[in-house]
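Below: one structure, written as structure tokens.
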Protein chains: 2
Amino acid sequence: MDSMGIMARKQTAADQALRLDNQICFAVYSTAHAFNRVYKPLLDRLGLTYPQYLVMLALWERDDVPVKDLGERLFLDSGTLTPLLKRLEAAELIRRTRSTEDERLVLIALTAQGHALREKAKAVPQSILAASACSVGELMAMKDEIVALRDRLNAVLGE
Amino acid sequence: MDSMGIMARKQTAADQALRLDNQICFAVYSTAHAFNRVYKPLLDRLGLTYPQYLVMLALWERDDVPVKDLGERLFLDSGTLTPLLKRLEAAELIRRTRSTEDERLVLIALTAQGHALREKAKAVPQSILAASACSVGELMAMKDEIVALRDRLNAVLGE
DNA sequence: GCAAATTCAATTGCGGACAATTAAATGTGA
DNA sequence: TCACATTTAATTGTCCGCAATTGAATTTGC
């Protein structure tokens, strides 16, 4: 059997690694889109897109913060956040005001409507949990693994 | 102690569920972006974006397929794929031709350059593996869990 | 065989994502 | 003090991602 004959049959490790089904990045990418699609009908009722929902989640934990702070918590930059925040402001869920102490900062604060929306949002996680068809314990374990992976990837970028 | 006093201290399950750090969807979302950022310098050398790379991975496995087929494998629709495929065609990595048997179909085939790019791409997965600072076994186990979650989410959408 | 339903890709419009650049405010060091 | 660097948000341009619509080709039911 000649070497070409062998090569034609043999799948090298590099060949296997290029298979879509073997790529964890594609698993993560396609799962993120699946989440987005499951969230959509739920968030439509709140008048939010999924990234806007994430911003609101962050603000419900702590508001009156500069754009930078939000960006660090969500891993997003001003190019993404500035237009998104302007849309939330147009929806009267937040206010954007220049800090008087440091005029470089734009502080993001929730309006009364923004705070109030939290009550309606409380039903969302339960629906997602149901759609995932998975126990809370399993999901949290998976989440911890994924976050650990994310943090290792981000650590490489910081070098 | 009055009930308001209790409420002020007590974090309900719904409150906990709204915390950003408790949300697996945010873990997946932010990890997808982290992957994207790690891939970027590697894919720049191939002249591909990350979604374009996924399309090429799919085509290296099987080409001469309709747009629909690609869409099903990648969970993307024609609104996303049509402009992306036109850019790959402009880069002379693929050809787009109407099927003569069924003129509704646009068949996507790799060019010689498209096939050749696969050799350069073989180095990519190894770099990603290194960045993930994780064994292949661990990554594949995680991948399987994430794919199972994705499939359950997509199953809900199909109902 | 033909009208109606279906399939498929393309298009349009909107909202992210991010790199690169800009401009203003602040901080720093001779 | 005053050049110089740094920090911050905004802007611009390019590329996804998807809902909704369009129009052409095909399949189906009668």
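Any value given below was found using the heavy atoms of this structure, including those in side chains, with hydrogens, waters and symmetry copies removed. Naming: A, B, ... by sequence-line order, numbering from 1 per chain. The shown structure was predicted, so the numbers you read here are calculated from the model rather than taken from an experiment.
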- Within residues 53-80 of chain B, find the residues that approach DNA chain C with a heavy atom at under 4.0 Å, and present them sorted by residue number. P66(B), V67(B), K68(B), S78(B), G79(B)
- Item | Protein-nucleotide distance (R96(A), atom CZ; dA9(D), atom P), rounded to Å | 10 Å
Distances under 3.5 Å only, N/O to N/O: pair up the protein atoms with those of nucleotides 21-27 of chain C.
unit_1: dT26(C); atom_1: OP1; unit_2: E103(A); atom_2: N; d: 3.2

- Query: When the distance from OH of Y50(B) to P of dA19(C) is rounded to whole Å, what number comes out?
  - Reply: 16 Å
- Does the distance from a Lys or Arg side-chain N to an Asp or Glu carboxylate O, for D77(B) and K68(B), drop under 4.0 Å? no
- Please determine if K86(B) and E89(B) form a salt bridge, counting it only when a charged side-chain N lies under 4.0 Å from a carboxylate O. no
- Counting only side-chain N and O atoms of R98(A), is one of them less than 4.0 Å from OP1 or OP2 of dA9(D)? no
- For the side chain of T82(B), starting at C-beta, report the closest nucleotide among dA9(D), dA10(D), dA10(C). dA10(C)
- Which whole-number value in Å describes the distance from R87(B) CZ to dA10(C) P? 13 Å
- To the nearest Å, how far apart are L85(A) CG and dA9(D) P? 10 Å
- Under the salt bridge (Lys or Arg N to Asp or Glu O under 4.0 Å) test, residues paired with E92(B) that sit two or more places apart: none
- Message: Over all strands shown, is L84(B) touching base, sugar-phosphate only, or nothing at heavy-atom distances under 4.0 angstrom?
- Response: sugar-phosphate
- Under 4.0 Å between a Lys/Arg side-chain N and an Asp/Glu carboxylate O for D21(B) and K143(A)? no
- Task: If the plane angle is over 60° it's perpendicular, under 30° parallel, otherwise tilted; pick one for W60(A) and Y53(A).
- Result: perpendicular
- Message: In whole Å, I'd like the distance from the CG atom of L105(A) to the P atom of dT8(D).
- Response: 7 Å
- Can you tell me how far P of dA9(C) sits from CG of L107(B), to the nearest Å? 9 Å
- Query: Starting at the 5' end of DNA chain C and moving along, which residue's nearest nucleotide shows up first, P51(A) or K40(B)?
  - Reply: P51(A)
